[in-house]
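Letters go in sequence order (proteins before strands), and every chain restarts at 1.
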Amino acid sequence: MDFGLSEEQLLLAETVTRFLDERLPVPRVREVIDGDESIDPDAWRALAELGVTGCLVPETHGGAELSLLDAAVIATALGHGAAPLPFLGSATLATLVLRGAASPAVQSEWLPRLADGSARMALAAAERIEQRQDSGVTFEGGRLQGTALFVIDGAGADAYLVAVGDDVHLVPASADGLAIKALPTIDRTRGLVELGFEAVAPADSFLAVGAALDRAVDAGRVIVSADILGSCDRAISMSVAYAMDREQFGRPIATFQAVKHLCAEMVAAIEPARSLLWYAGHSWDEIPEESALLATLCKAHFSTVGHDLVRIATQVHGGIGFTDEYDLQLWFKRVGLSRQLLGGPEKLNAHAAELQGLA
Amino acid sequence: MDFGLSEEQLLLAETVTRFLDERLPVPRVREVIDGDESIDPDAWRALAELGVTGCLVPETHGGAELSLLDAAVIATALGHGAAPLPFLGSATLATLVLRGAASPAVQSEWLPRLADGSARMALAAAERIEQRQDSGVTFEGGRLQGTALFVIDGAGADAYLVAVGDDVHLVPASADGLAIKALPTIDRTRGLVELGFEAVAPADSFLAVGAALDRAVDAGRVIVSADILGSCDRAISMSVAYAMDREQFGRPIATFQAVKHLCAEMVAAIEPARSLLWYAGHSWDEIPEESALLATLCKAHFSTVGHDLVRIATQVHGGIGFTDEYDLQLWFKRVGLSRQLLGGPEKLNAHAAELQGLA
Amino acid sequence: MDLSYGPEYETFRAELREFLQTRGDEAPGRAGEVASLGGESLVRWQKLLIEHGYAARNIPKEYGGAGAEPDPLIATILSEEFGRARVSRGVAGQGIDMLVPTLLEHGSEEQKRSYVPPTVTGEMVWCQGYSEPGAGSDLAAIQTHGRVEGDTLVINGQKIWTSTAQFSQMMFALVRTEPEAAKHAGISYVLVPMDTPGLDVRPLKTMTGHAEFNEVFFDEVRVPVANIVGRRGQGWKIANTTLGHERNMLGSSATSEGLYEGVVRVMREEQVDGHSALESPVLRDRLMSLQAKTIAMKCHAMRLLGSRLRGESSGVAGLVTKLNGCQLNHDLAGLAIDAMGEGGVLYRGTDRSRENGRWQFQYMFQLGLIIGGGTAQIQKNIISERGLGMPREPKVAASAAKSGVKG
Amino acid sequence: MDLSYGPEYETFRAELREFLQTRGDEAPGRAGEVASLGGESLVRWQKLLIEHGYAARNIPKEYGGAGAEPDPLIATILSEEFGRARVSRGVAGQGIDMLVPTLLEHGSEEQKRSYVPPTVTGEMVWCQGYSEPGAGSDLAAIQTHGRVEGDTLVINGQKIWTSTAQFSQMMFALVRTEPEAAKHAGISYVLVPMDTPGLDVRPLKTMTGHAEFNEVFFDEVRVPVANIVGRRGQGWKIANTTLGHERNMLGSSATSEGLYEGVVRVMREEQVDGHSALESPVLRDRLMSLQAKTIAMKCHAMRLLGSRLRGESSGVAGLVTKLNGCQLNHDLAGLAIDAMGEGGVLYRGTDRSRENGRWQFQYMFQLGLIIGGGTAQIQKNIISERGLGMPREPKVAASAAKSGVKG
């Protein structure tokens, strides 16, 4: 019996955090998001050496074949660093769909390249979460037609996995008839795109057997939760440090009970949530019969907790927390995006009730 | 243009408050609720002289024929005093149904007696708010059959108005086949009863034309809101007084920012709610086309605000607020009952959406 | 309770409507209700409004105003009718709203004659120089200082959160002129031409990605000592007479009403899984809770107006507007975002984003307002101390305060 | 992460199950998991449990315990299996949970031999005398004082919130014995027989309408000076070693899980307008939010257990259990009440009331727990100071503090 992170997981967290501190400190993050690309491809390739890019790729395809809890540990560090990297879209969602359902040939073609960071993919499956007006993709006569919205980490991907019902179509970014349009969001550390399909012929198509798509989305929800966790950790440590440093009315604001209590409320909210996240991550590999429910409740909970928490952190900071120059806003927005990604709290709570037969 | 209470209304509030301070101070309230009757009938009759019992009875029947806002001013004072008096059930709900729909003969028989406090009535219409299992009344062959739940201020009433659909049946408390059973609630300052009908022949029956029942329920919602307002005012003033008096760690707890902020949050929540209540009360007489929506939203809002507020007040008090001996619990429970009466927040929000065509 | 305005006011209203209908198209801009910046067409329009008594109404005629007695009901009618007609109300902003009342109360005759008339007509635009990086909630802690050299005040330091600084000719600023004096006592209220050498305006980008504010840097900025309003060292008291006013302006109920209507529209139109967001009972429940609060804030504004009309203090009721209003607006924007689902994250720059990112902008901007102009924390201090008579935070010896950090 | 217990523990679990199945019916009471009061059948059962190593497990054999090494996993298995079998775990309460560890650490050999064995078997029941009307959050402010007269300590004062006082033979109490000493330093930890003349127990009714607690009055209560544990004036330090433990005990996740299951049942069964409350999307949304929190608290308890197993400090994570747990339980009860609609207001004494007013009782009682045993305010102080290293509230001169009230 051992509930908690292992030595290896703590080391992994430390390694990724140190990497980000060195290679992607906040000034570099700002450079990346102010530039043309929404991610830092060099840093991503460099992370391949640490096993990050291929953490969910099987060893047979050159990956590290880690657990989802390991991946969540990585995602927490990436959230903590507000890293502009396609961990959710490419290393989690696309990787798991390929791993779960693609043919051996497709797996052999793509998984090694995802693992070594030389290629990136994204999953177009927002329709599974929310069906929206003016979007949706059909597949008829061997051609894809329509629009796929909110493709996470879709900017600069080499190929897209496009879900149409339970079918998945692999479309290279260079495919004829494919239009890729960036969707500017509040959080510029992660990129969403819209894909337009005009009679696009996929390079490959396969059926997402064994609920591979749902499993990938479950995993994605755990990973987004982990990202929120990392963001919240950062927001708390920035708030405490700021409160110790900043003086008002002749004393550090950390001596004001109101400020201390705001910090305490943030911690009180995040610590049980962290425990929930670990369990949800663990269950994805080890207790699959519980994992859909746990991933759903976990993401709903983090959406709410994170949302409240970054507001409190901004309030602790006062005016400076509202500026662009001060870094807290990066996490405020990152959590703002995460809250809605792969379903907001109302949506997920309704889904959780259905999963248990309570609705 | 004059938004706010008039001189007369302020005087009315003061008069009722003074009356309660003298005739129904808290020790007397405790005596009443620890006794056999759930109300103080002498105080009720004495209030007739102040025009309270008959405030909504037309002058032609010996009442004061005041506005609903006036009645709300009275209800605020009654809530402030945690008064064990049937203002909601008899002076508001039953009176308005009689006034709105009963025959001249029935009005002449009952309204003067309600006005002078010599009789009390209650309205059995919970089924209009929530239809529940194991309850409901039918009227067939001139006989009432079934069960009516949650009859507000029904204990010791001389007669009951029983709503069956849009028909209203007048049943004297002494009617054959009528069983009256007290329903113990958390708040002992107001009494709910359950009525059992075994082939009961009503003394009179009439149709609640012109939405008389709905109008009465709207008015009831305003009056409950006003009662919550008065309870909250009392909870705030008790909290502030306690905080100024009580010392911890060598100084009055009122000097602790956390305590001050809790008090500020209570005030910040209640003041705009007070404004809303006044407007909802005013609109019932003056802007009837808006008043159903306003009464509904007002009650939903007060249910939420009051509920949070008495919890905060209890927290400001610490352990003593949790004792029976200290009086704050009277208001904690009074608000707890009011929250659910005539519909809780979810129910009322849904109703408000329907009223506006938003659902 | 009487919500009618009475016949004399209805006459005023009718005349105003007539005016807005016949002359409204002379107003600058299209639909904006107020314009804080200058410009020829605005000045022309403002002069016309003053002539009719529709602007600068309570400013004495000798200083360029309409010279009427204050009448909150007239003020309300003006606000209602200009809003309804969607016509510019003429000059607004910190010059006419904050500086002019201050000068009329505390300024020298010379200062009144020089500054009030052009400010009233919109020919002179002002910005406010109060906040500093080290003095947000605690304005008395300002560090920008001026040393007196003969007839000249030489200012060094930095101001922050100055909106419209880039369009202003003048700033009214708080400057520490008596370094020896106690915290609140050493501050002066100074009028500074923005083109004075050494004064540098830099846009301040906020989390919204836009520069709604500026920073203003002072490097040996020289202004005449005569530009001090009132006596030296009195600035704190002078500034406080207008600060209260600003706190009331923020979080007005009209903003909430507009946002509420907008959320209903979003929820009606936004379709997810074939249902409008309005069909979601959970989101609808949130909407109704916020509608009750929106109406409550509108009623509350009417109540405060009622108190003013009766010449009564609004008491504690007057202190809670900002705390509630900004939070409500923020929550309304948050609901709109949630109603859009994943689409709620989109921001400016894509036609997929509803109203070009308006809701995310409001969500962030209203949070900024909760924080700015006296944080929620400070508002709660004010409510508990001024409103409830609770004691101030006891003074802490500086040594105890600092040693606490290590403790 | 490894949620299995390993074979040696599974053996222990199997033996325990066997025991519970074969001998469980010898336990007193029907289904209650713990019994804080005495009684012959409980003492017999407790002795059987100790013999098997299922109770008083870590208390040395010489003092009547089972003498095993502490093992959190064993403790967890015991809790799980007794809970599952719904069999009494034997003696519980403040004597065995709080006094015995304190005596083992700080008591004299004489005290250990006299008090530990009968406490362990349940023959001697204890209550705690810490809180006072004037010292709730601020325990160091206690006023109950003892003056030494030769070998005797003469106690006067009052204690409050003493549960089980009416069933106890003994109280362990904090008594100010050195009036000259500084606030924290003048307190002693004293063992007081409840039948001492001058000691008066009065039930304390709470807002639930029931007396879950008592007040205890001391009027010249005389106990031997030898009943002081540790040295005179050391009581504050001694009490604090066990207070931390109490804070962890409250708000355990099992209570929340039980309440959550209860709410689901209520919502499934409660029909309004022909629909179960579970069919209300708004109430269901609230239920799911609380389910997430309930599971989170369960995971959190496992995490704290994990830290203990590894011999690590649980850090800040260990400080947040009570603050979250009691609030969660309160909110769960609140949802159940809302699900019942108007029926939610019914309390004990009518068959129309579901589970005889259980939910209203829990709603109030859990609020009492939020307030008691260190209010939410104090919990937040602890989290920010011990957990985050933020400074303590700076000391305020008494004069400044009091004058503040008038200011």
**Student:** So which of Gly334(D), Gly209(D), Gly343(D), Ala211(D) has the biggest tally of heavy-atom pairs under 4.5 Å with chain B?
**Tutor:**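 That would be Gly343(D).
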**Student:** Step by step, would you call Gln271(D) with Gln131(B) a side chain to side chain contact (heavy atoms under 4.5 Å, CB included)?
**Tutor:** CA-CA 8 Å; Gln271(D) 298 266 340; Gln131(B) 294 191 6; over 6 Å; no
**Student:** Would you sort out whether Thr350(D) and Lys181(B) count as a side chain to side chain contact (heavy atoms under 4.5 Å, CB included), showing the intermediate values?
**Tutor:** CA-CA 9 Å; Thr350(D) 163; Lys181(B) 203 159 80 178; 5.5 Å; no
**Student:** Can you name the nearest heavy-atom pair linking Arg246(B) to Pro133(D), along with the distance?
**Tutor:**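 Taking Arg246(B) first and Pro133(D) second, the nearest heavy atoms are NH1-O, 2.5 Å.
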**Student:** Could you grab the distance from atom CZ of Arg352(D) to atom OG1 of Thr185(B), nearest 0.5 Å is fine?
**Tutor:**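 Between atom CZ of Arg352(D) and atom OG1 of Thr185(B) there are 15.5 Å.
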**Student:** Is there a side-chain contact between Met364(D) and Lys333(B) in this structure, where contact means two heavy atoms from C-beta onward sitting under 4.5 Å apart?
**Tutor:**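 Of all side-chain heavy-atom pairs linking Lys333(B) with Met364(D), at least one is under 4.5 Å.
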**Student:** Checking an interface table here. Which of residues 334-346 of chain B come within a heavy-atom distance under 4.5 Å of chain D?
**Tutor:**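 Under the 4.5 Å heavy-atom cut-off, Gly336(B), Leu337(B), Arg339(B), Gln340(B), Leu341(B), Leu342(B), Gly343(B), Glu346(B) qualify.
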**Student:** Please look at Leu204(D) and chain B and tell me whether the side chain, the backbone, both or neither of the residue comes under 4.5 angstrom of a heavy atom of that chain.
**Tutor:**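 The side chain, not the backbone.
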**Student:** For the residue pair Thr323(B) and Trp161(D), what are the closest heavy atoms and their distance?
**Tutor:**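 Answer, listing the atom of Thr323(B) first, then Trp161(D): CG2-CH2, 3.5 Å.
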**Student:** Got more than 12 heavy atoms from elsewhere within 6.0 Å of NZ, Lys159(D)?
**Tutor:**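 Yes - once you tally the heavy atoms of other residues, nucleotides and ligands closer than 6.0 Å, there are more than 12.
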**Student:** Check step by step if side chain to side chain contact (heavy atoms under 4.5 Å, CB included) holds for Leu367(D) and Phe332(B).
**Tutor:** CA-CA 11 Å; Leu367(D) 181 67; Phe332(B) 182 90; 3.4 Å; yes
**Student:** Under the side chain to side chain contact (heavy atoms under 4.5 Å, CB included) criterion, do Glu342(D) and Leu192(B) qualify, and how do the steps go?
**Tutor:** CA-CA 10 Å; Glu342(D) 287 199 311; Leu192(B) 296 191; over 6 Å; no
**Student:** Checking Ile337(D) against chain B: side chain, backbone, both or neither under 4.5 Å from a heavy atom?
**Tutor:**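 Ile337(D) touches chain B through backbone and side-chain heavy atoms alike.
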**Student:** Side chain, backbone, both or neither: which part of Arg286(D) has a non-hydrogen atom closer than 4.5 Å to chain B?
**Tutor:**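 Interface part for Arg286(D): side chain.
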**Student:** Considering only heavy atoms, give the residues of residues 296-314 of chain B separated from chain D by less than 4.5 Å, sorted numerically, with 'none' for an empty result.
**Tutor:**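 The stretch touches chain D at His307(B), Arg311(B), Thr314(B).
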**Student:** Would you compute the distance between atom CE of Met340(D) and atom CD of Glu130(B) and round it to the nearest 0.5 angstrom?
**Tutor:**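 Atom-to-atom, Met340(D):CE and Glu130(B):CD are 11.5 Å apart.
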**Student:** Just verifying a value: how many Å separate Glu325(B) CD and Thr206(D) OG1, rounded to the nearest 0.5 Å?
**Tutor:**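 Going from CD on Glu325(B) over to OG1 on Thr206(D), the span is 12.0 Å.
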